[in-house]
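Below is one structure; the comments refer to it alone.
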Amino acid sequence: PFDPPSLSPLPLEPQMSAACDMGVPFVLHSAKSSGAPNADAAKPDLRCEASQVFTSAAAHLATFLARLQHEAATKAAAPHLQFDSARGIVLRVLTGSDEGSEYCLPARAVRNLIGSPSSKHGRPVIPTLVEPCVTEQGEAAARVRWDDGEESFILYDDIKKLSTART
């Protein structure tokens, strides 16, 4: 969530109020009132308290928006993961050095993952859910949920290494 710095003690200066009342940007108003030779080229006085508060608030907002953009781009570019009963776990990479690649962990290899019912009981089984997750070590992985409630995990890097199909 957006957590702005405290804006309650905004220092409103008389010149700023006058500029707002006239509908003139404070920077232009203060430059003209200071007698600057070229008011359009004048810079705001960054030493005044109002400038410092607004500059800080603008920097905070810019950082927040950059973080939001990064998060949105990261989510949009996350690899696509699905289970295909005929092919197995399919991982499509949408960005980075493997951009455009598709890796497929064959269905027989999926059934042999540690924790799968077939690895324990030798019966054929199909996952009820395959979804992306992140391990405690921060590595991207696939979580496989089985019909008996057990779960298996396989790192994306392992899917790539064990893959039979790479395009």
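Keep in mind it's a predicted model, so treat the numbers as computed, not measured. Counting from 1, the numbers follow the sequence of the chain as shown.
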Which atom pairs, donor and acceptor, lie under 3.5 Å between side-chain atoms of residues 152-162 and protein residues at least two apart or in another chain?
from   : atom 1 : to     : atom 2 : distance (Å)
Ser152 : OG     : Ile114 : O      : 2.6
Ser152 : OG     : Trp146 : NE1    : 2.9
Lys160 : NZ     : Asp98  : OD2    : 2.9

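- Partners of Glu151 by side chain to side chain donor-acceptor pair (under 3.5 Å), not counting sequence neighbours, listed by chain and number: Arg145.
- Note that the CG atom of Leu105 and the CG atom of Asp84 stand 12.0 Å from one another [nearest 0.5 Å].
- Counting all heavy atoms, side chain and backbone alike, Cys133 lies closest to Ala142 at SG-C, 4.2 Å.
- In summary, Arg87 and Glu102 engage in a salt bridge, as defined by a charged side-chain N under 4.0 Å from a carboxylate O.
- In this structure, Ala86 and Ala107 approach most closely via the heavy-atom pair O-CB, 4.4 Å.
- Residues Ile89 and Val93 are members of one and the same hydrophobic cluster, defined by side-chain heavy-atom contacts under 4.5 angstrom among Ile, Leu, Val, Met, Phe, Trp and Tyr.
- By the salt bridge (charged side-chain N to carboxylate O under 4.0 Å, His left out) test, Glu139 is found to be paired with no residue, residues two or more places apart in sequence or in another chain being considered.
- With Pro127 as the fixed residue, the side chain to side chain contact (heavy atoms under 4.5 Å, CB included) test singles out one of Val144, Asp147, Leu113: Val144.
- Scanning both residues, Cys104 and Gly88, for their nearest heavy atoms gives SG-N, 4.4 Å.
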